[in-house]
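Lettering follows sequence order; numbering is per chain, from 1. Given the structure is predicted, the values throughout are model-derived calculations rather than measurements.
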Protein chains: 2
Amino acid sequence: MSPKRHATATDVARLAGVSQSAVSRAFTPGASIAEETRLRVAEAARQLGYRPNAIARSLTTRRSRIIGVAASYLQNHFYPDVLEALSRGLQARGYQMLLFMPDAGRHADPQLQEVLAWRVDALILASTTLSSELADQCQAAGIPVLLFNRTSRAPSVSSVTGENLRGGRLIAEFLVTGGHRRLGFLAGIENSSTSRDRERGFCGWLEEHGHRPPLREVGLYRFDEASAAARRLLARPDRPDAIFCGNDHMATAVAEVARHEFGLRIPRDLSLVGFDDTGPARWPSFSLTSFSQPVQPMVDATVALVCEMIENPAAPTRHEVVRGELVVRGSARMPTEGCVSLAEQLVWRPAVVDAAG
Amino acid sequence: MSPKRHATATDVARLAGVSQSAVSRAFTPGASIAEETRLRVAEAARQLGYRPNAIARSLTTRRSRIIGVAASYLQNHFYPDVLEALSRGLQARGYQMLLFMPDAGRHADPQLQEVLAWRVDALILASTTLSSELADQCQAAGIPVLLFNRTSRAPSVSSVTGENLRGGRLIAEFLVTGGHRRLGFLAGIENSSTSRDRERGFCGWLEEHGHRPPLREVGLYRFDEASAAARRLLARPDRPDAIFCGNDHMATAVAEVARHEFGLRIPRDLSLVGFDDTGPARWPSFSLTSFSQPVQPMVDATVALVCEMIENPAAPTRHEVVRGELVVRGSARMPTEGCVSLAEQLVWRPAVVDAAG
DNA sequence: TTGAAAGCGGTACCAT
DNA sequence: ATGGTACCGCTTTCAA
């Protein structure tokens, strides 16, 4: 069969014996229309399988009710979780989600342009790789931009992040109190705000308390890079006795290398702490101690903020920081005698398969 | 600053001193326009920051160049991988991707309608939960529908799947040849074609070769359900010595339960085989033997097929089956003396952290 | 090659 | 409450 043309409002109007305007009203909640007319239209629409054309509607209303979402590297389980929550959140508010995955580097630009061509009502950038100049440009072009799990150097772009700084500090304190003395830090993407803040928190606390800076490697937030970095770190004569990994995804890579290539036991020979508290890191096999970035609250904040920005474009920039906590599992040696203030900030989660879902 | 209006083709035309039609042509590859005019328009467009409005374009051309993609349950690492590849594949062909995650059950309908309102050029359903009647309806409404990793009962809807039947059979042969005698099968979603086919292959081979049917549990393709199913299965007095799990995601759940709750060693006390060959299942900790569903080939086939369906709506239904192979790692006891035909179908992959990426 | 003009399928304002 | 009508921003004939 040929691609049969969709029924239009005019078709419905003809069948229902009303004007095309009436059809439009019948599908506009709160429009002034007689109940009887509405029913007649509804019936005609049903017969014809009519659905208002969102494209035509958007052309006149100048609001697409589409939100562009940029993501990259879904291997890190944090992002699929975010995507799922985001999809439901936006859907619930009547928005559609146009997903795109920018290529690394400058090639992202044409892709972004394609998305902008759809006159998206807003842009959510959950991609570490997309340059922040791009964000600024969009912002300047008058479209609301929201950075997710990152910030821009220019503080003019709104953002939703976790407590990167506090997380980094707390982990430093936790590890030092736990008796570790040769610390390591595995950075993510070096010029990402997220990795920088976590590192600043971690090293800041160490410095303030008179400890040596940690050994340092870069894992680019990727599994394979993190594995390679772990090999370098663990092969050193002064191998660290604890590593703070920039996220859980890298931490699992380090755990794999440590156990299966170096024969190390965790946490006996090596303590590991991650960031995010997502995915396989919660499974008993890894039982990773990790500073959490709670997906649902972060997404809720994002959806609320983005809707606000759309409704009030003049609203001031906001930087939401969603509270996290240090979730203590089994991958890092515990402080035996903790200071109280530290203990109060920890959450103890024994490994249970059920909780892994 | 107020949400400044985007420049339109008319604005550009005025500045360039040409007609609005000329502007349109300047942005239409292959349109008949003088090179000099094109340049003048390009310059004016640049000055004004003009980008053709995709919404207006779609309204007249009646092609949106948007493809609706339904996914559900991104916890299973297979799907994020698919999404990433799909995004790049569609992008490369000039399509945008409108992603939605149908709620389980009937509530999916209004969401689908929203997507259809955008007059998507095609629909890719990679969601196990979306009912196949919905697929039929869309198909009947004249929009190309492609089922990914599933089929519909009515064979009129095109699909791309892995070798579910052959995979199931091969795994049965592999396990029996490996000396296992008390087999278990962990089903996914019971009325999904994928789970049914894998089970049919598995049980079919067993029956044909005079073996008892396996013990059976249902894991709904979910981590927590699979964990619960594993507990039931492993607590039995006649506990299976090998379990074929409907996918890798469930297999990792079973491995966790088996090791950490039942103290079983894999594969000494229990052999495990999965399906998909993705994600954490490839990590040394799991080193899962699994029948592969190669993401890139499956996505390539999907993109090619969907484009074909768009260009030629009259094209006949097609059911692409992408070849997979039994990837042998360490989670299942190997046949000591294999029959040659079986051995030829196996691929041996020792656990290496590098390969896990 | 170019410009004028007729839609595409709606929304919203205007009288009635 | 209803119908008529002027757009929304573009593509695509049709003449010139």
Shortest side-chain distance from [X], nucleotide among [options]:
X     : options              : result
B:A34 : C:dT2, D:dT2, D:dC10 : C:dT2
B:S19 : D:dT5, D:dG9, C:dG3  : C:dG3
A:T37 : D:dG4, D:dA1, D:dC8  : D:dA1
B:L59 : D:dG3, D:dT11, C:dG9 : C:dG9

Of B:R62 and B:I33, the one whose closest DNA chain C nucleotide lies more 5':
B:I33
Pick the nucleotide of DNA chain C nearest each of A:R57 and B:A56; which residue has the one closer to the 5' end?
B:A56
Heavy atoms under 4.0 Å, any strand shown: does [X] hit a base, just sugar-phosphate, or nothing?
X     : result
B:T61 : sugar-phosphate
B:T8  : sugar-phosphate
B:V23 : nothing

I want to confirm an ordering. Mapping A:Q20 and A:S32 to their closest nucleotides on DNA chain D, which one lands closer to the 5' end?
A:S32
Could you tell me how far apart [X] ([atom1]) and [N] ([atom2]) are, to the nearest whole angstrom?
X      : N      : atom1 : atom2 : answer
B:F27  : D:dT12 : CZ    : P     : 16 Å
A:N53  : C:dG7  : CG    : C1'   : 14 Å
A:W118 : D:dC10 : CH2   : P     : 13 Å
A:R63  : D:dC8  : CZ    : C1'   : 15 Å
A:R40  : D:dT2  : CZ    : C1'   : 12 Å
B:D11  : D:dC8  : CG    : P     : 11 Å
B:I55  : D:dT11 : CD1   : P     : 13 Å
B:L48  : D:dG9  : CG    : C1'   : 15 Å

Check ion pair B:R40-B:E43 (N to O, under 4.0 angstrom)
no
B:R318 with B:E308: basic N within carboxylate O range, under 4.0 Å
yes
Any donor-acceptor pair under 3.5 Å between the side chain of A:R25 and the base of D:dG3?
yes
Quiz question: by atom type and distance under 3.5 Å, do the side chains of B:Q113 and B:D109 form a donor-acceptor pair?
yes
Checking side-chain polar atoms at under 3.5 Å, does A:E133 have a donor or acceptor matched by the opposite partner on A:Q137?
no
Please check the phosphate of D:dT11 (OP1 and OP2 only) for any side-chain N or O of B:S24 closer than 4.0 Å.
yes
Hey, does the side chain of B:S152 reach the backbone of B:V157 with a donor-acceptor pair shorter than 3.5 angstrom?
no
